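In what follows, chains carry the letters A, B, and so on, assigned in the order in which the sequence lines appear, proteins first and then strands, with residues in each chain numbered from 1. Just so it is clear, the values below take in all heavy atoms, side chains as well, and ignore hydrogens, waters and symmetry mates. All values reported here derive from a predicted model rather than from experimental measurement.
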Number of protein chains: 2
Amino acid sequence: MDAMLDTEGKETSATHGAYRKLRELILTGELPPGQKLKIEQLRGLLDTGASPVREALSLLTSDMLVERIDQRGFRAAPVSKCNFEEILLLRCNLEETALRASITNADAAWEDRLVLRHHHMKKASQNGAQDFEDAHKAFHMALLDNSKLPLLLRYCSQLYDLNIRYRYLAAGGSSYKKRDIAAEHQQILDAALNHDADGATRHLIDHYRRTGEYLSSQMEP
Amino acid sequence: MDAMLDTEGKETSATHGAYRKLRELILTGELPPGQKLKIEQLRGLLDTGASPVREALSLLTSDMLVERIDQRGFRAAPVSKCNFEEILLLRCNLEETALRASITNADAAWEDRLVLRHHHMKKASQNGAQDFEDAHKAFHMALLDNSKLPLLLRYCSQLYDLNIRYRYLAAGGSSYKKRDIAAEHQQILDAALNHDADGATRHLIDHYRRTGEYLSSQMEP
DNA sequence: GTCTCCAAAAATATCGATATTATTTGACAT
DNA sequence: ATGTCAAATAATATCGATATTTTTGGAGAC
């Protein structure tokens, strides 16, 4: 259709492209919680047709980032302290399960992956915030992915994204850097490499609870 | 458009109707695992347009009942013993969390709901299998829904559906009736009404494990 | 006989237009 | 003034048609 300028060359389907962009806009808060998402408006914003936009919104519904109101369109999922606390609770529960399973299955290849992801994350912390966000998620997911439990990983990934949204909303996405998060990551990594399941899960959960308390204190009731 | 014959009168949007029907077809195994889901074919089967079918398939993707292969359409999600065992594991974990929270929040209204759902389930066991299925799910979800944790409930509901699919696939949906399932339900109900969190979760998990072992034994490696 | 490559067929993804449904606006009666 | 109802407006949901991509099938070369 267009001149097929594959300078970017990565997006195959319009639906998938719209999905990625919309997801980003909602996660970062550029499309604020509760906002009505009109098809026409988004069609312009993402310059594509109405069908891809609709499908992207349907997909985001599964990620719980968009709500569909039957016959009345879509809107960005609302936020609440209650919702945030549930996310925190579930993350602690599910990530503990996944991390323990990962350590049970530990092998050299996994340890290599961990070390590598950790290194990349440290390097990325000097680059832009977006680079760090990506590397941070990659490190956390690497901790879990040796569990070989795809459904569980999917849930963890979903909850991770829901959580990061609250970080962006509370403080523009950089507040958590002020704590000494590097040390916390190092502790988790070391425990995992030592196959110390109890220690690793304790550090991981502390890591989440600490961030959680800070964010929770910043929100209205 | 049509003569709007609202004899049925419940389905508002074509998308939602297609979603419900497709979901049913996949859960019961009428559309077997791994099967290619061609738009045209479904368009005929559900007699509606291509757009509602497409959106319904997108929604089912979130339920993990349909897989989307980029640019290559959709297919019914595959099954495997591995996948089944993960579902069982996660259900035990998540439903325990939810049930304990429900009991923590226990009040008279919840207990009434439980008794009622249990009664309806017993009554429905004399009706058709579909009626019983619905009542069975309603009872199990009632056990959990006093947790007031909507995300958790959503995951439990999803996993419940994924599990029931295996029941249909393994034995046409009626095999589990041969065990004395009524007694097991009664035990769970009684423990819940007594606010006995340990007993209730133990009975619930045994209930799942027993069904799980039976189904697992019926599957190829 | 097998492999490669190209053309034909089928299926998907996307667009533009239309019908349907919700929302707003303003006139009228109280 | 205020509340209610109806027409106008806007937005969603759906359809039919087209462009793109994948898959199929078969002709020719080695």
Side-chain angles (χ1 to χ4, degrees), chain A residues 1-23 25-26 31-32 34-62 65-78, chain B residues 1-23 25-26 31-32 34-62 65-78:
Chain A
M1 163 162 295
D2 319 353
M4 182 51 82
L5 36 86
D6 59 288
T7 47
E8 200 75 32
K10 63 174 178 174
E11 292 307 355
T12 60
S13 67
T15 296
H16 199 242
Y19 170 75
R20 301 258 299 183
K21 284 182 206 163
L22 263 178
R23 180 193 179 77
L25 290 173
I26 294 173
L31 287 174
Q35 169 143 332
K36 188 95 214 307
L37 301 174
K38 298 181 198 169
I39 308 288
E40 268 309 304
Q41 165 199 335
L42 297 178
R43 220 195 57 74
L45 201 67
L46 307 169
D47 82 334
T48 180
S51 312
V53 170
R54 268 181 95 61
E55 272 195 56
L57 287 170
S58 285
L59 292 174
L60 287 165
T61 293
S62 7
L65 290 169
V66 165
E67 274 187 4
R68 153 179 237 141
I69 314 144
D70 199 74
Q71 223 88 12
R72 222 161 301 177
F74 302 85
R75 64 172 186 175
Chain B
M1 163 161 297
D2 317 355
M4 181 51 81
L5 37 86
D6 59 287
T7 47
E8 200 75 32
K10 63 174 181 177
E11 291 306 355
T12 60
S13 66
T15 295
H16 198 242
Y19 170 76
R20 299 258 301 185
K21 285 182 206 162
L22 262 179
R23 180 193 180 76
L25 290 173
I26 293 173
L31 287 174
Q35 170 144 330
K36 188 98 212 304
L37 301 174
K38 298 182 198 168
I39 307 288
E40 269 308 305
Q41 165 199 334
L42 298 178
R43 221 195 58 74
L45 201 67
L46 308 168
D47 81 336
T48 180
S51 312
V53 169
R54 236 167 182 314
E55 272 195 55
L57 287 169
S58 286
L59 292 174
L60 287 165
T61 293
S62 8
L65 289 169
V66 165
E67 274 187 5
R68 152 179 238 141
I69 314 144
D70 199 75
Q71 223 90 11
R72 222 161 300 177
F74 302 85
R75 63 172 187 176

Can you find a pair of side-chain heavy atoms, one from [X] and one from [Y], that are under 4.5 Å apart?
| X | Y | answer |
| --- | --- | --- |
| B:L57 | B:V53 | yes |
| B:L59 | A:L59 | no |
| B:E67 | B:P78 | yes |
| B:D70 | A:T15 | no |
| A:R54 | A:F74 | yes |
| B:L25 | B:L45 | yes |
| A:E55 | A:Y19 | no |

Roughly, in whole Å, what's the span from [atom1] in [X] to [atom2] in [N]?
| X | N | atom1 | atom2 | value |
| --- | --- | --- | --- | --- |
| B:R72 | D:dT21 | CZ | C1' | 10 Å |
| A:R68 | D:dT12 | CZ | C1' | 10 Å |
| A:H16 | D:dT20 | NE2 | P | 21 Å |
| A:D47 | C:dC15 | CG | C1' | 14 Å |
| B:I69 | D:dT22 | CD1 | P | 12 Å |
| A:Q71 | C:dT21 | CD | P | 7 Å |
| B:L46 | D:dC15 | CG | P | 11 Å |

Q. Of the residues in residues 50-60 of chain B, which ones touch DNA chain C at a heavy-atom distance under 4.0 Å?
A.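 Contacts with DNA chain C under 4.0 Å: B:R54.
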Q: Kindly say if B:S13 contacts the phosphate of D:dT12, meaning a side-chain N or O under 4.0 Å from OP1 or OP2.
A: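 Checking B:S13 against D:dT12: no side-chain N or O falls below 4.0 Å of OP1 or OP2.
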Q | Short side-chain N/O contact from A:T48 to OP1 or OP2 of C:dT14, under 4.0 Å | A |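 No, because none of the side-chain N or O atoms of A:T48 sits under 4.0 Å from OP1 or OP2 of C:dT14.
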Q. Which residue, B:D70 or A:R43, contacts DNA chain C at a nucleotide closer to its 5' end, judged by nearest heavy atom?
A.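 With B:D70 and A:R43 compared, the 5'-side residue is B:D70.
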Below 3.5 Å is the cut-off: list the nitrogen or oxygen pairs between protein and nucleotides 9-11 of chain C, distance only.
none

**Q.** Derivation of the side-chain contact (heavy atoms from CB on, under 4.5 Å) call for B:R75 and B:Q35
**A.** CA-CA 5 Å; B:R75 63 172 187 176; B:Q35 170 144 330; over 6 Å; no
Q. Who pairs with A:R23 by salt bridge (charged side-chain N to carboxylate O under 4.0 Å, His left out), at least two apart in sequence or on another chain?
A.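 Here the qualifying residues are A:D63, A:D161.
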